[in-house]
Every structure is written in C-alpha cells, then in structure tokens.
Amino acid sequence: MEIRTANLSDLSAIYAIELENFSSEEAIAHEILARHIELFPTTFLVAEQDGQILGFLEGPVRPERHLQDSSFTLSVEDYSSQSGGYISITSLSVSKEAQKKGVGKQLLEAMKKIAIKDRRAGINLTCHDYLIPYYEKHGFINEGLSQSTYADEIWYDMVWEPYLESTKI
C-alpha cells in the first residue's frame with residue numbers, strides 16, 4: 001500500500017468513500033473535497049493499492065488548537081505556509097472493503113510524520129463518542145465536548161501532539 005498526496009483524478013473514488021462512511025449531513029460535499037485537494041497539497045493524503053483508493057485523510061493547517069467548523073467549507077483558510085499550527089483533520093475515511101486492515105492507522109502515521117517534519121504543534125480532529133477509543137489508541141487525547149456544531153451532531157475534541165507521543169513508554 002502506498003500513502004501519497006491526493007490529486008483531482010482521485011476525486012470520484014474519494015467522494016464515494018466519503019459517502020460510504022458518513023451520513024448525508026456529515027459527508028463533505030464533492031465540490032468541497034475538490035477544493036480541499038487543491039488547497040491542501042501536503043495534507044490531503046490517499047491510501048492506494050493496485051491502482052485503487054482504499055481511504056483518505058485530509059484537512060487544513062490552522063492556528064487553533066481545536067478543529068473549527070469553518071475547516072469543512074470551500075472558503076477555509078489554510079495556514080500551511082506559516083510556521084506552527086495544527087493539522088485539522090476534517091475527514092478520515094476508509095472504504096468498507098478495506099476497513100480493519102490498518103489503512104486508517106497508516107494514514108494517521110503518515111500525517112503524524114508530516115506534522116513532525118513541518119514542525120506543527122500537532123493534529124486535531126473531532127469525532128463521535130464511539131470513536132474516542134480508536135483515536136486514543138493512536139495517541140490522541142480526548143479534550144472533551146467540542147464547540148463544533150457541524151451537521152448538528154455532538155463531537156469530541158481530540159488532539160495529538162508530537163512531544164506527548166515521544167514520552168509514551
């Protein structure tokens with residue numbers, strides 16, 4: 001399996017995977033995903049095997065510690081040209097046929113390497129309560145209920161910081 005940056009030719013496969021995993025209210029719209037591929041050249045990753053997209057992980061670099069709802073929009077501002085900031089993951093999605101095969105883990109590990117290489121403060125995301133253990137298993141800390149109202153759902157703020165990862169025994 002190869003983890004690489006996304007390009008527009010991946011869009012239809014990416015959108016199909018997004019729709020497999022999220023409700024119509026939660027799924028990021030096709031045109032927003034297309035714009036994000038263009039806006040986030042280093043932080044929109046796909047997992048590919050034998051020419052098939054198995055999953056993806058994407059989001060802008062933002063100055064805020066917690067994910068902002070504006071990150072899910074066409075007009076999100078990406079701060080990747082500035083130092084510091086957090087990579088704000090707006091979607092981690094793996095095709096149904098590739099789930100439970102380590103694809104999500106490999107995408108998260110690749111994003112962590114980017115965060116370290118680019119000297120980011122860390123990575124943040126929001127998730128539903130049932131996904132908290134998954135992200136904790138991958139080094140994220142649950143910082144409680146999020147202020148996010150995206151898709152009129154209840155979300156939890158999760159943050160990964162490189163210095164915390166290096167202190168784990």
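Just so it is clear, the values below take in all heavy atoms, side chains as well, and ignore hydrogens, waters and symmetry mates.
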**Message:** Assess whether a salt bridge exists between D118 and K113, defined as any Lys/Arg side-chain N lying under 4.0 Å from an Asp/Glu carboxylate O.
**Reply:** no
**Prompt:** Partners of Y156 by ring-ring contact (aromatic ring centres under 6.0 Å, His included), sequence neighbours excluded?
**Reply:** none
**Message:** Using a 3.5 Å distance criterion without hydrogens, assess whether the side chain of S146 forms a donor-acceptor pair with backbone atoms of D157.
**Reply:** no
**Request:** Could you tell me whether the side chain of R120 and the main chain of S80 form a donor-acceptor pair under 3.5 Å?
**Result:** yes
**Prompt:** Which atom names give the shortest non-hydrogen contact between L107 and G55, and what distance separates them?
**Reply:** CD1-C, 3.9 Å
**Asked** Rounded to the nearest 0.5 Å, how far apart are CG of L19 and CD1 of I17?
**Response** 10.5 Å
**Request:** Could you walk me through whether L92 and Y134 pass side chain to side chain contact (heavy atoms under 4.5 Å, CB included), step by step?
**Result:** CA-CA 12 Å; L92 167 58; Y134 175 81; 4.2 Å; yes
**Asked** Taking it one step at a time, do N142 and E136 satisfy side chain to side chain contact (heavy atoms under 4.5 Å, CB included)?
**Response** CA-CA 7 Å; N142 177 5; E136 286 179 334; 3.7 Å; yes
**Item:** Set of ring-ring contact (aromatic ring centres under 6.0 Å, His included) partners for Y86, sequence neighbours left out
**Value:** none
**Prompt:** Which value, rounded to the nearest 0.5 Å, describes the distance between C127 atom SG and I89 atom CD1?
**Reply:** 11.0 Å
**Complete:** In short, I87 meets I114 closest at the heavy-atom pair CD1-CG2, 4.1 Å
**Message:** Minimum heavy-atom separation for A47 and M1, please, with both atom names.
**Reply:** CB-SD, 3.6 Å
**Asked** Of all heavy-atom pairs between N21 and S93, which one has the smallest distance, and what is that distance?
**Response** ND2-OG, 3.0 Å
**Between CG on residue D129 and CD on residue E153, distance to nearest 0.5 Å** = 10.5 Å
**Item:** Any S95 side-chain heavy atom under 4.5 Å of V103 side chain
**Value:** no
**Item:** Spatial distance of atom CG (L125) from atom CG (L57) [nearest 0.5 Å]
**Value:** 9.0 Å
**Message:** According to salt bridge (Lys or Arg N to Asp or Glu O under 4.0 Å), does anything in residues 18-29 pair up with another residue at least two apart or in another chain? List the pairs.
**Reply:** none
**Request:** Write down the atom of I37, the atom of A6, and the distance for their closest heavy-atom approach.
**Result:** CG2-O, 3.9 Å
**Item:** Separation between CG of L39 and CD of E77, rounded to the nearest 0.5 Å
**Value:** 10.0 Å
**Prompt:** Between the side chain of W155 and the main-chain N/O of Y150, is any donor-acceptor distance below 3.5 Å?
**Reply:** yes
**Request:** Just jot down the side chain to side chain donor-acceptor pair (under 3.5 Å) partners of R62, sequence neighbours excluded, or say none.
**Result:** E64
**Item:** Pairs involving residues 31-47, ordered by first then second residue, that meet salt bridge (Lys or Arg N to Asp or Glu O under 4.0 Å) (sequence neighbours left out)
**Value:** R35-E38
**Item:** Any residue meeting ring-ring contact (aromatic ring centres under 6.0 Å, His included) with F22, in chain and number order, not counting sequence neighbours
**Value:** none
**Request:** Mind checking the CD1-CD1 spacing from I28 to I32? Nearest 0.5 Å is all I need.
**Result:** 7.0 Å
**Request:** Using modelled atom types only, decide if a donor and an acceptor are shared between the side chain of T90 and the backbone of E58 within a distance under 3.5 Å.
**Result:** yes
**Message:** For E161 and K112: C-alpha separation, side-chain torsions, deciding distance, then whether salt bridge (Lys or Arg N to Asp or Glu O under 4.0 Å) applies.
**Reply:** CA-CA 9 Å; E161 294 174 306; K112 287 177 181 180; over 6 Å; no
**Item:** Partners passing side chain to side chain donor-acceptor pair (under 3.5 Å) against S71 (at least two apart in sequence or in another chain)
**Value:** none
**Request:** Evaluate whether atom CD1 of I154 has more than 12 neighbouring non-hydrogen atoms of other residues, nucleotides or ligands under 6.0 angstrom away.
**Result:** no
**Asked** Any side-chain heavy atom of E143 sitting closer than 4.5 Å to one from M158?
**Response** no
**Request:** Output all residues satisfying side chain to side chain donor-acceptor pair (under 3.5 Å) with T43, sequence neighbours left out; order by chain, then residue number.
**Result:** none
**Message:** Going by salt bridge (Lys or Arg N to Asp or Glu O under 4.0 Å), name the pairs with one or both residues in residues 79-91, residues two or more places apart or in two chains.
**Reply:** none
**Asked** Between the side chains of Q147 and H66, is a donor N or O closer than 3.5 angstrom to an acceptor N or O?
**Response** no
**Asked** Any ring-ring contact (aromatic ring centres under 6.0 Å, His included) pairs touching residues 34-60, not counting sequence neighbours?
**Response** H36-F40, F44-F56
**Prompt:** Which atoms form the tightest heavy-atom contact between G84 and V61, and what is the distance?
**Reply:** O-CG1, 4.0 Å
**Request:** For residues Y130 and H128, establish whether the separation of their ring centroids is below 6.0 Å.
**Result:** yes
**Prompt:** Would you call N124 and R65 a side-chain contact if the rule is heavy atoms closer than 4.5 Å?
**Reply:** no
**Request:** May I have all residue pairs that pass salt bridge (Lys or Arg N to Asp or Glu O under 4.0 Å) and include part of residues 78-102, sequence neighbours excluded?
**Result:** none
**Min side-chain heavy-atom separation R4-D10 under 4.5 Å** = yes
**Request:** Could I get the full list of side chain to side chain donor-acceptor pair (under 3.5 Å) partners for H30, not counting sequence neighbours?
**Result:** none
